Amino acid sequence: PSTITAIGQYSFRGCKRLSAFTGLEKTSITAIPYCAFADCTLLPNVAFPSTVTSIGYDSFINCQSFTDIYIPDSVTSIATSRYNTSQYYGPFTGCTNVTTISVGGVGTLYYGMLETKSTVLEKLTIRGTVKTIADNCFSNEYMYYSCDLRRNSGRVNLVIEEGVEK
């Protein structure tokens, strides 16, 4: 419902039997905060409302049933966290069954933002509302912490749409 304007940190964390979440796309929330849906292992996907502008790190960590991630153009910030000197974690770390990712909105795409640890990724689309793909975003050194392309069990269709400048 449009009367819902916020979701708190840890709101649904650890709801391991949560297998569907409908209506989020009808809310007017602007942020998915840290660990909001962390460890909801049966949650298959979440449709973001067009009002969301930021996605916090670890917000969907270990949502192992996620298959598709669609980040709307309204999102301008995807948080990552540095756990040690070489590991960055994003909102979707541990979403190991993701087959498609479509990202838009964020001005610059950095390593860690789309990290899933999925080995079944089939398609990654970077829409034209992303202006820059940062240095090393998908390089061998940082690839494991972004989209795991080198660990994928098959081929990945990478689509970079018109409008991405760098």
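Computed from a predicted structure; not experimentally measured. By convention here, the first residue in the shown sequence is residue 1.
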Test side chain to side chain contact (heavy atoms under 4.5 Å, CB included) on Phe92 and Val98; report intermediate values, then the result.
CA-CA 9 Å; Phe92 307 102; Val98 171; 6.0 Å; no

Going by the angle between their ring planes, with limits at 30° and 60°, are Phe60 and Phe37 parallel, tilted or perpendicular?
parallel

Heavy-atom count check: over 12 atoms from other residues, nucleotides or ligands less than 6.0 Å from Lys26 NZ?
no

Which heavy atom of [X] sits nearest a heavy atom of [Y], and at what distance?
| X | Y | answer |
| --- | --- | --- |
| Phe66 | Leu43 | CD1-O, 3.2 Å |
| Arg127 | Ser102 | NH1-OG, 2.6 Å |
| Gly56 | Pro91 | O-CB, 3.4 Å |
| Thr125 | Glu161 | CG2-OE2, 3.7 Å |
| Pro33 | Ser59 | O-CB, 3.3 Å |
| Val159 | Lys123 | CG2-CE, 3.8 Å |

Side chain proximity check, [X] to [Y], heavy atoms < 4.5 angstrom:
| X | Y | answer |
| --- | --- | --- |
| Val52 | Ile29 | yes |
| Leu109 | Val164 | no |
| Thr67 | Thr100 | no |
| Pro72 | Ser50 | no |
| Lys16 | Leu42 | no |
| Cys35 | Gln9 | no |
| Ile55 | Phe48 | yes |

Could you state the interatomic distance from [atom1] ([X]) to [atom2] ([Y]), rounded to the nearest 0.5 Å?
| X | Y | atom1 | atom2 | result |
| --- | --- | --- | --- | --- |
| Thr99 | Ile69 | OG1 | CD1 | 9.5 Å |
| Ile101 | Glu122 | CD1 | CD | 11.5 Å |
| Leu158 | Leu121 | CG | CG | 9.5 Å |
| Asn45 | Thr22 | CG | OG1 | 13.0 Å |
| Ile78 | Thr108 | CD1 | OG1 | 11.0 Å |
| Ile7 | Leu24 | CD1 | CG | 5.0 Å |

Does a donor on one side chain and an acceptor on the other come within less than 3.5 Å for Asp58 and Thr93?
no

Would you say Ser65's side chain and Thr41's backbone share a donor-acceptor pair under 3.5 angstrom?
yes

Are Tyr70 and Leu114 connected into the same hydrophobic cluster when the rule is that any two of I, L, V, M, F, W, Y join if their side-chain heavy atoms are below 4.5 Å apart?
no

